[in-house]
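Chain naming here is simple, since letters A, B, ... match the order of the sequence lines and numbering starts at 1 in each. Computed from a prediction, not measured in an experiment: that's the story for all the values here.
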Amino acid sequence: MKITRFAPSPTGTLHIGGVRTALFNYIFSRQHNGLFLIRIEDTDQERSKKEFEVDILQGLQWLGIEADQEPVRQSERSELYRKAAEKLINSGSAYWCNCTPEELDEMRKAQSAAGKKPMYDGRSRNLGLARSSETVLRLATPENGETIVNDLIRGEIKFNNNELDDLILLRSDGSPTYHFCNVVDDYEQKITTVIRGEDHISNTPRQIHIQKALGYPDLEYAHLPLVLGEDKKRLSKRHAATSLNAYKEMGYTKETIINTLALLGWSTQEEIFSTNDLIANFDIKNVQKGAAIFDLKRMDWISSQHLSNLNNDDFIKIIGPFMEEINIHADAQNYEAIILAMRTSKPSLRQIAESTKPFFFPLEEYDPKGTEKFLKGSKELLEHAFDKLQNLNEWTETELDMLLIQIRDFFNYPVPKVNQPLRIALMGTTMSPSLGYTLELFGKEESLKRIQTAIKFIG
RNA sequence: GUCCCGUUCGUCUAGAGGCCUAGGACACCGGGUUUUCAUCCCGGCAACAGGGGUUCGACUCCCCUACGGGAUGCCA
């Protein structure tokens with residue numbers, strides 16, 4: 001059985017790259033009949049915030065990436081780390097070091113100046129110092145030999161032990177550091193497989209040293225390629241949206257987000273798939289090694305594909321919150337019909353909701369280009385259409401379409417010359433469902449009102 | 001500086017030495033369908049970072065270089 005974990009530090013909202021890491025961990029555990037766990041790494045007391053923890057947990061829950069056990073918090077497990085540290089001290093694998101930050105800084109500068117790799121030189125290693133408020137606990141790292149990282153995606157990665165220095169396990173205030181907690185928790189939670197970002201590759205041999213010193217079993221690793229922004233830099237705040245919430249608010253469904261993220265670094269024949277399809281087909285060994293750029297255009301396409309797979313009832317239901325948000329309620333006239341008429345107009349739920357606005361609210365303005373091209377010079381047409389429409393008894397799409405043909409014949413105009421001015425009068429732009437249906441949706445009274453307004457506008 | 005990871009169309013990728021005249025998708029461009037827009041359909045553009053090897057043969061293996069990223073923290 002495989003046990004994976006997602007271990008975010010709550011120093012910011014749930015990041016889209018973090019979601020992908022969580023997703024791959026989740027999928028992997030499902031494929032192996034295993035467990036997926038969440039661990040909040042909140043040892044940085046300065047930057048960790050409860051609200052971020054809540055955001056992360058809620059985000060994953062919304063996506064359906066749920067942990068099989070209650071999430072654990074490192075801030076609540078000090079006892080575990082204390083015991084592990086004790087074990088290392090007793091076995092002689094760790095030692096107290098009283099070097100001051102200033103002293104270390106000087107040491108590193110000197111090393112750099114001499115063209116050497118700046119690293120702790122182990123000067124306190126054999127001093128036999130005792131614990132005090134001035135000492136940190138360091139791991140006595142093997143000085144020779146090599147450490148091999150077994151990576152599911154990249155194969156074996158070798159590091160020379162002499163490249164690694166004696167890292168700090170316990171700070172002078174007694175608090176445990178990231179590497180130390182990470183290793184202890186992975187063991188305590190019986191993690192078998194660590195799937196995380198490739199920025200952790202060079203951390204891995206350090207963590208392996210801690211594991212070995214503690215007598216823990218080896219783990220499997222999979223280091224995922226990074227997710228980058230359009231400028232090929234790490235996806236960050238500068239690239240517009242990075243948080244899951246932002247995409248959720250933009251009206252991308254969880255299926256769309258999962259599908260899009262899974263395709264960053266992995267692929268199959270199929271482009272559009274569900275989480276279950278992913279569990280059936282995903283293979284961590286096929287994950288790409290190189291970083292991937294997050295492309296919103298592709299997400300838009302994936303979104304329209306998922307949206308078009310929804311039946312009408314589900315679509316109405318799922319767009320509800322976005323309609324509410326722009327103050328259009330389900331009891332509005334022709335609510336469902338209008339949404340369904342516009343459902344393929346845009347790629348995201350929010351944009352689709354926005355596109356129905358002309359049906360529910362008075363027009364704020366006419367599209368300038370359309371006005372120039374179609375509305376101006378159409379006064380006579382609109383006046384004629386107004387009269388004809390006013391005398392139409394049966395306000396149905398079929399009847400309206402027939403009337404539109406009559407108008408066209410009357411003026412002997414090509415289709416756009418009749419339809420586009422009317423569209424702009426009704427919608428404000430030249431975009432709408434078929435005109436007969438659009439008129440039906442607006443109803444007689446509102447249609448006539450808008451045509452009248454347009455006539456006045458032309459002046 | 002040193003160590004580690006990476007590099008196929010603009011983007012996501014297929015590719016496990018001959019199947020590659022390097023395939024697909026998104027985007028883009030052109031055409032068709034649609035009374036408009038969108039959808040949909042058809043077509044087009046477009047890439048193996050560079051240089052050396054190994055081999056009868058290299059996108060695939062090896063080396064070097066370039067570029068990008070990570071580590072080198074009492075951050076995670």
> Mind checking whether A/Arg77 and A/Val72 have side chains closer than 4.5 Å, heavy atoms only?
Replying inline: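 Side chain of A/Arg77 against side chain of A/Val72, heavy atoms only: contact under 4.5 Å found.
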
>> Contact between A/Ile257 and A/Met299 at the side-chain level, heavy atoms closer than 4.5 Å - yes or no?
In response: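 Yes; the side chains approach each other to less than 4.5 Å.
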
>> Partner lookup for B/rA38, please. Criteria are Watson-Crick or G-U wobble with both distances under 3.5 angstrom; report none if nothing qualifies.
In response: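 Partner of B/rA38: none found under 3.5 Å.
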
Taking [M] as the reference, what is the distance to [N] when you measure between their [atom1] atoms (whole Å, please)?
{"N": "B/rA25", "M": "B/rG43", "atom1": "P", "value": "10 Å"}
{"N": "B/rC48", "M": "B/rA16", "atom1": "C1'", "value": "16 Å"}
{"N": "B/rG6", "M": "B/rU13", "atom1": "P", "value": "15 Å"}

Report the distance from atom [atom1] of [X] to atom [atom2] of [N], rounded to the nearest whole Å.
{"X": "A/Arg298", "N": "B/rG10", "atom1": "CZ", "atom2": "P", "result": "16 Å"}
{"X": "A/Glu271", "N": "B/rA27", "atom1": "CD", "atom2": "P", "result": "11 Å"}
{"X": "A/Asp300", "N": "B/rA25", "atom1": "CG", "atom2": "P", "result": "19 Å"}
{"X": "A/Ile293", "N": "B/rU13", "atom1": "CD1", "atom2": "P", "result": "9 Å"}
{"X": "A/Lys346", "N": "B/rA38", "atom1": "NZ", "atom2": "P", "result": "9 Å"}

> Would you say a side-chain N or O of A/Gln305 is under 4.0 Å from OP1 or OP2 of B/rC40?
Replying inline: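 The answer is yes; a side-chain N or O of A/Gln305 sits under 4.0 Å from OP1 or OP2.
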
>> Each nucleotide in nucleotides 61-73 of chain B should get exactly one letter: B, S or -. Can you fill that in based on protein heavy atoms under 4.0 Å?
In response: --------SBSBS

> Going by modelled atom types, is there a donor-acceptor pair between the base of B/rA76 and the side chain of A/Ser9 at under 3.5 Å?
Replying inline: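 Between B/rA76 and A/Ser9, which were checked side chain against base, a qualifying N/O pair under 3.5 Å is absent.
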
> Within the modelled atom types, does a donor on one side and an acceptor on the other bring the side chain of A/Ser172 and the base of B/rC74 under 3.5 Å apart?
Replying inline: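 Present.
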
Which part of the nucleic acid does [X] contact within heavy-atom distance under 4.0 Å: base, sugar-phosphate only, or nothing?
{"X": "A/Pro433", "answer": "base"}
{"X": "A/Cys99", "answer": "base"}
{"X": "A/Leu435", "answer": "base"}

>> Between A/Arg350 (side chain only) and A/Met250 (backbone N and O only), is there a donor and an acceptor less than 3.5 Å apart?
In response: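 No: the side chain of A/Arg350 does not pair with the backbone of A/Met250.
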
> Got a donor-acceptor contact below 3.5 angstrom from the A/Asp300 side chain to the A/Lys297 backbone?
Replying inline: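 Answer holds: no.
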
